[in-house]
Each structure stands twice: as structure tokens, then as C-alpha cells.
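Worksheet: the structure to be examined is printed underneath.
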Amino acid sequence: MSEPREVVIIGSGPAGLTAAVYAARANLHPLVIEGEPSSTSDQPGGQLMLTTEVENYPGFVDGIMGPDLMHAFRAQAARFGAEFLTHKVSEVDFSGTPHKIVVNNEEISARAVIVATGARALTLGLENERRLMGHGVSTCATCDGFFFRGHHIAVVGGGDSALEEANFLTKFGETVTLIHRRKELRASKIMQDRAFANPKIDFRWDSTVEDVLGDTSVQGLVLKDVNTGETSTLDVSGVFVAIGHVPNTDLFKGWLDMEDNGYLITKGRSTYTNIDGVFACGDVQDHTYRQAVTAAGSGCSAAIDAERWLEAQPH
Ligand code: NAP
């Protein structure tokens, strides 16, 4: 068997790639298993690949497009010698040292593992939503907004993601209707102000989506007023679901301690998990802040934790 790697990083969003920059600059020759393009909500580079303008990442006065930011992160890690594997991990074995990671039917062993697998978009769980995904239903305005030029579009959700998507979609849509299950938005004040000031956005409060209509593409939505129970039809040909995220932690069930909602548990302010030599950073262990900059910060912490942990191990 080949020598174990010093550090393997699973995931390539802001957390994984920042960990890669730091680990590479510490001469730990990290391997980043970056995933592979499989669906709009799950691909190398993480959620910023599905974002438009990022205005709150420090250092970019005029903002930067999410994919451009992630390409820069990746190039920076590569410049210091990080290697990349464009595959998904199918299995991990954290029962002993070195740790084992199975990718493409091959086993990779690593003394330290940094888990940075992030989170993915939630959907409403409707049968017709699933059936029409990619045919009018989307979780990514950046990816699919262009296809709805001149159409009537709906966005579901009341958080920052929903408002960001709604604002972005007004560039394309004839109208954008934001459907929210309550009367108050969860989104930040600045995003709310922007959405309220946008004449192309209509709000449908206290409403849930009961069904997605359409044979081969979306033709409309069935909405229910949560107060009266009345249903109505909204004629739209596109619906963007922006109702939050779940952490990508299925792979680690049975190995790493998780909260009830699936987020990984790290110890105190560190990135240590319950398994020696396995560290977690970014959205996979953070359901509070979930920002690119906080993910990047915790990626840095994970690389430093891993480096110090490796130094303390007997050779
Ligand atoms: P979020 O803040 O959790 O909001 C999810 C929204 O979807 C809530 O309004 C929620 O309704 C609604 N929702 C959840 N489940 C639903 C269901 N089954 N049916 C209908 N509606 C449902 O998620 P997010 O908007 O993705 O944001 C996540 C984090 O990323 C936040 O911290 C946010 O600030 C941040 N973020 C920031 C930016 C930015 O600053 N530019 C952009 C995007 C995201 P309730 O309100 O009733 O719970």
C-alpha cells in the first residue's frame, strides 16, 4: 500500500479550498477531493458556484461573481501545490489510523482528514416538483434564470437566498412572485428593502405551494392560503425553490457526531470532531452563520488544527 497522505480535504467550497491554501503553504501536500458535477445543487466549488454577485466577501469593493471567486480560491490552492481529484467520495473508514477514503473504487489513506462537504439546497418534497426539476423547477437562479426571459416566475422562500434569487430573476422575468409561508420575511433588512423597492417583484404572503402543474414543463402552481385554506392557481412557467439547505453528511453517519439536523459537531471553538485526526469546517458544521467568509475562516482553522495535530503525533 502507498504511503498515507498527510492531509486529505473532502469538499471544495470556500472552507475546503481555504484549508487547501493553508495546508499547501504548510508543506502538507493536500489532496482535495472536490466532488464532480452531478446536479445544479451539488458540484465542485460548492454553493457559490450557484450564486450571482457576492457583495459581502471582504476585499471586493464592487462585488464578485460567485463562480469567479471560487475559481480564484482553487487557483490559489493549486499555486501552492494542492492536488485535486474530481470525484466523489463513496465511503470513509475512520476506525483507525491512517484514515481511509474510498474514491472511484480506490482507497486513499490519510493521516489527517478535513471534512468540508458543505450543504445543499432543500426542496419542498412534492412529487411534481421532483418530476419537473430541470423543466421549469430549479434551485439555482444563476444556472437557470436565463431560460425564463420574458416569463412569469415564482420564487419560494422568505430568506436571503429567496430574495437574492427574486432580485436576480427580475433581470429575466416579466414578473417575479415571491411566495412565502408567513407574513414576515426572514431575510436581512438590506435584502428586504431591495426586494420591496423592486417593482417587478410581487409578494404572496401566508401561502404554501401545494402542487406544481404541467405535463412536460411547469405551467403553474397550486397555492394555499394558510389562514383560509383556500387554494388558487398561479400561472408561472418557472419556479425557483430557495428554502434553505441541509448539510452533506450522509457519508459520515456512524463515524462523526452530528446534531439532530445532521450538522457535524466540532469541539468548542476548534474544528476537532469526535475522531482523532478528522476535522470539520464550513457549512457542514455551521448552521448559524453559513457565509462564504465564515466558511473560509473555519477552513483556515481546520488546516491549522490539522497541522498542529500532525506535528504532535509520534512519527
Ligand atoms: P433560510 O435563512 O433558512 O431561509 C429559508 C426560508 O425558506 C425561510 O423563509 C423559511 O420560512 C422558508 N422555508 C423553509 N422550509 C420551507 C418549506 N418547506 N416550505 C416553504 N417555505 C419554507 O435559508 P437561506 O435563505 O438559504 O439562507 C441561509 C443562510 O445564508 C442565511 O444565514 C442567510 O443570511 C445566508 N445568505 C446570505 C446571502 C447574502 O447575504 N447575500 C444570500 C443567501 C443566503 P420561515 O421564514 O417561515 O422559516
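Since we're looking at a predicted model, the values are computed, not measured. Order of listing sets the numbers, starting from 1, for every ligand and every atom in it.
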All N/O donor-acceptor pairs, side-chain side in residues 209-223, below 3.5 Å, sequence neighbours left out:
unit_1, atom_1, unit_2, atom_2, d
E210, OE2, T208, OG1, 3.0
D211, OD1, N128, ND2, 3.0

Can you pull every nitrogen or oxygen pair between ligand 1 and the protein closer than 3.5 angstrom?
unit_1, atom_1, unit_2, atom_2, d
ligand 1, 9 (O), G158, N, 3.0
ligand 1, 9 (O), G159, N, 3.4
ligand 1, 11 (O), R181, NE, 3.2
ligand 1, 11 (O), R181, NH2, 3.4
ligand 1, 25 (O), D160, N, 3.3
ligand 1, 25 (O), S161, N, 2.9
ligand 1, 25 (O), S161, OG, 3.2
ligand 1, 26 (O), S161, OG, 2.6
ligand 1, 34 (O), D160, OD2, 2.5
ligand 1, 40 (O), N56, ND2, 3.2
ligand 1, 41 (N), E164, OE2, 2.9
ligand 1, 46 (O), R182, NE, 3.4
ligand 1, 46 (O), R182, NH2, 2.8
ligand 1, 46 (O), R186, NE, 3.0
ligand 1, 46 (O), R186, NH2, 3.4
ligand 1, 47 (O), R181, NE, 3.0
ligand 1, 47 (O), R182, NE, 2.7
ligand 1, 48 (O), R181, NH2, 3.1
ligand 1, 48 (O), R186, NE, 3.3
ligand 1, 48 (O), R186, NH2, 2.7

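- Relative to the ring axis of F80, R25 places its NZ or CZ within 45° and under 6.0 Å from the centre.
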Let me have the donor-acceptor pairs involving side chains of residues 264-271, under 3.5 Å, with sequence neighbours excluded, atom names and distances please.
unit_1, atom_1, unit_2, atom_2, d
T266, OG1, Q285, OE1, 3.2
S270, OG, K267, O, 2.6
S270, OG, Y272, N, 3.1
T271, OG1, D305, OD2, 2.7

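- Under the 4.0 Å criterion applied to side-chain N and carboxylate O atoms, E6 and R111 are assigned as salt-bridge partners.
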Report all side-chain donor-acceptor pairs from residues 150-160 shorter than 3.5 Å, counting only partners two or more places apart or in another chain.
unit_1, atom_1, unit_2, atom_2, d
H151, ND1, S237, OG, 2.6
H152, ND1, T175, OG1, 2.6
D160, OD1, S188, N, 2.8
D160, OD1, S188, OG, 2.9

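- Side chains of S138 and D144: a donor-acceptor N/O pair is present below 3.5 angstrom, by distance only.
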